[in-house]
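To start, the structure itself, in structure tokens.
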Amino acid sequence: MKTNETQEPIIVCNGVNKWYGDFHVLRDVTVNIAPKEVVVVIGPSGSGKSTFIRCINRLEEHQEGDIIVDGIPLGNDVRNIAAIRREIGMVFQQFNLFPHLTVLQNITLAPMQVRRQSRAEAEQKAYELLERVRIPEQANKYPGQLSGGQQQRVAIARALAMEPKIMLFDEPTSALDPEMIKEVLEVMKDLAESGMTMICVTHEMGFAQEVADRILFFDQGRIVEEGNPETFFNLSIEHHERTKAFLGQIL
Amino acid sequence: MTPNPPQKAIIYTNDAPRRHAPLATTGILGWLRSNLFPTWFDTLLTIVSAFAIIVGLTGLIQWTISGANWYSVTRNLSNLMIGSLQADPIAVARVNMMTLLLAFGIGVSLRAWSRVGSRGWLGVAIAALLLLIVPIAVTPIPLPASLVTSGSISIVSGSVTEIPQNAMSFIGAQSETIRLRLASSFTQTDAGLAGVTAFTDRAADALITSASARLQDQGRIEEVQRLIESPTTPAPDRATLTTELDALRSTNDLPIVDIYALSGPDMAVRVLAEDGTTVLAEAELTQGGDEFTFTLPESSWYILERTVLAENANTLLEMHGVYPVLERGITRTRLGEDGNPIIDSRSGQPQVVSITQHIRVTDDFLVETAQPKQNGVDVTRYLFVNNQYRGVRPLDHFLVLHLGPFFEKMGRALLPCLALVALGYLVMHLLDKLYPPVPPTPKLSRRIVFWMWALMPIIIYILIASTDAREWGGLFLTFILTAVGIVVSFPIGVLLALGRRAEGLPVVKYFCIGVIELVRGVPLITVLFLASLALPLVNPALSNVPGAVRAMVAITIFSAAYLAENVRGGLQSIPPGQTEAAKALGMNPPQVTMLITLPQALRAVIPTLVGQCISLFKDTSLVAIVGLADLTRVADTIVAQAEYIGLRRETYLFIAAVYFIFSFVMAYVSRKIEDSGSGVARQVQL
């Protein structure tokens, strides 16, 4: 597999703790992620998996512990946050496309405004990305005119347009009809094969089994188990009892 | 039903054919059924409301045609539009230019942002055609007659006693013909007299009023007589009725036409020139005799002398071509011999002269010379009695007296505007055809529109800045107040809304909350009073600022506070995911606001913002209270003038229509923006 134990990790999480008010939502989360690694985060709802990946690009603020992305420590320093966000692309459950902009504008906005690319450059890149997510013909439509699967693929293209080193997926297929899930997963699979570092929160076990290098299982704000798909989904070997219960439910 | 064979799916192959929907559920019939008569209760509501609408509308239309007197509107259109500015021809030219410029701009924008379909152009063409044709079409309709009374018997009508005049002055244009004859057709019976539909002088008016009163009394006499003779009437009532009958009879022994001996005598008439002495024509009119016609030699005042050729008799004269005369005072810049205004050496302002104009009610003909005198005494002019055309006006008189002149004046104002709208549209159409858009860049017309509207305020400012803001009035002032209120309050309101949401900056946040709540907690009228009265107390120099500008400031502040709350509502409606996605893409907070949340928030609140514009447009009528002559105030002053007394309903109805039309257009445009998809429609996801 692509995991290279000797390589410097691109994301370091060390003893990350977070509270919502007095509710301890992340408890001592410690994990290192290597470049080009595909990590799938699973777990029951409310287990803190979304909160965890949202901490990585500072959409949520962690209160204790260290998060270091590509050598940049994440803290209250606005410049560091900006630098880290430029390295990380994110795809959301609800797509969060900008409904007042066309597909093309959605994709080119950030490269032009944040990376200061020229319009021509950004648009050329956008067309390439739309080709890659297999919807080049939708460039001048508005998000409201697209199906959910198409919207999510635009969202992926939008994130990729910033040329991130890391992609975060927060349940990218949970809001989609079954018929559309496949087209999004295929794009994600392509992306994984191209060597992108990915952290995916998902309930698609087939995808996890097929694509993941490593699976993190979250329960009540902690990582209770991690392993590669072969061992994780193998019910014949020993598991944490929460994992067993979870796998018993879904397999 | 056959039992399912086990382990086998049921496959249906008999595809039901596609058919048309039942006739009664589609088309007009379906619409009627589902919208007007779905249940018995809806049917009842439909019938009741249809009845109410029909009764209301027919009443209104009937009154409009036969009862209402629209002179206060048709004679004051320019006053209602621009107020006192109408006295200054340069200012009028500037306002006209501004209006035409705006019309052109509207045409350009129409082309850039939407399409005017064939139906739209048809509507414009019909409107233009009506404005052109109606004034011409009504010209062959003869004008109503004028009835005046002369003689020696004073006419008593109720508590009013009128002495018939034997001389009156009137105005007429060169080569117009006047026709005079004795009004024998009206003077045979009281009923004939009461049924008059014409212009009248005071004496004839009193005569007609007393004739109708007498007819009424006569009807009452018959009724009372019937009651007295009826066996069912109780004795005490009968006594009262008898007393009433005696009273009625004692005052009404003769018909009105006989009391004033209307049908008897002949009359001598003389037409005198303005100087009061030169006799231009004279004639003797006999009952049933020939008409006397006379062609006026010049545009001027004339005096008509009438002498009844019998003792103790009155005569009703029917005139065509002689109509009541209104008086209007205006001020005008005094011009020197070189044609330039004379500047007063002390004040530095142009000198003005007060001029009295006399205007014929039936058209715009006017003279500026003084009323003629005889023996040093003014000859009373033919007055417009109670501002009323006497009697129930027939449709043809409505058309020729009111509709024709109204359309003519509206046409003069609107036809150039319509032409420029069409021109703007056409120019942009050709430009877009000549320079077709290259996909990523928008159409040429859109880029032009953007710059045009960006420059428009500056051009308009240059155009009107040199006019005296103290003289602004009418719809023009209403528009300026509204436009400035909207345009200036918009950025302020947006900033206040953003400030109010600035969680990281408590000082800014609480300052914004303070401003918003303070202004929203005070009525607009109070803010206006503060701006116009209290500001000079703060700094005496501020008292030199024209009231219109002070009102603008007040309206802007007021509008900004409300706008801020509306925009804040829009900002709150944007899902947090939008901000998150923008942040995740590395945008900084100003970028997130300017590129993501604000554009969406503003689109989401377009209906509310337009609603606010509409109420602002109407709220500007409050400036009347601080002494500014906006549309409402001009209407107030018009109905306060002696010549338009009693014409409140017509005047206010007209300005209500003006307010309505512009509000409706704003609402229509807002609906179009929403429908076009640049509004909230695009937010539909999934």
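Values in this document were obtained by computation on a predicted structure and should not be read as measured data. We name chains A, B, ... by the order of the sequence lines, and we start the count at 1 in each one.
In the displayed structure, B:Phe450 atom CZ is contacted under 6.0 Å by at most 12 heavy atoms of other residues, nucleotides or ligands. Annotation for A:Glu179: atom CD does not count as buried by contact number, only 12 or fewer foreign heavy atoms lying within 6.0 Å.
In terms of heavy-atom pairs under 4.5 angstrom with chain B, the leader among A:Arg54, A:Arg115, A:Gln93, A:Gln150 is A:Arg54.
In this structure, chain B has no heavy atom under 4.5 Å from any part of A:Ala82. Interface remark: A:Ile88 contributes backbone atoms only to the contact with chain B (heavy atom separation under 4.5 Å).
The pair A:Lys182-A:Glu186 meets the salt-bridge criterion, since a charged nitrogen lies less than 4.0 angstrom from a carboxylate oxygen. One finds a salt bridge joining B:Glu565 and B:Arg520 here, because a Lys/Arg side-chain nitrogen approaches an Asp/Glu carboxylate oxygen to under 4.0 Å.
In this structure, a donor-acceptor pair under 3.5 Å is present between the side chains of A:Asn76 and A:Arg58.
A perpendicular orientation is assigned to the rings of B:Phe617 and B:Phe662, their planes being inclined by more than 60° (bins at 30° and 60°). Below 30°, between 30° and 60°, or above 60°: for B:Phe664 and B:Tyr668 the angle between ring planes is below 30°, a parallel geometry.
Applying a 4.5 Å heavy-atom cutoff, the residues of residues 580-587 of chain B that approach chain A are B:Glu580, B:Ala581, B:Ala582, B:Lys583, B:Ala584, B:Leu585, B:Gly586, B:Met587.
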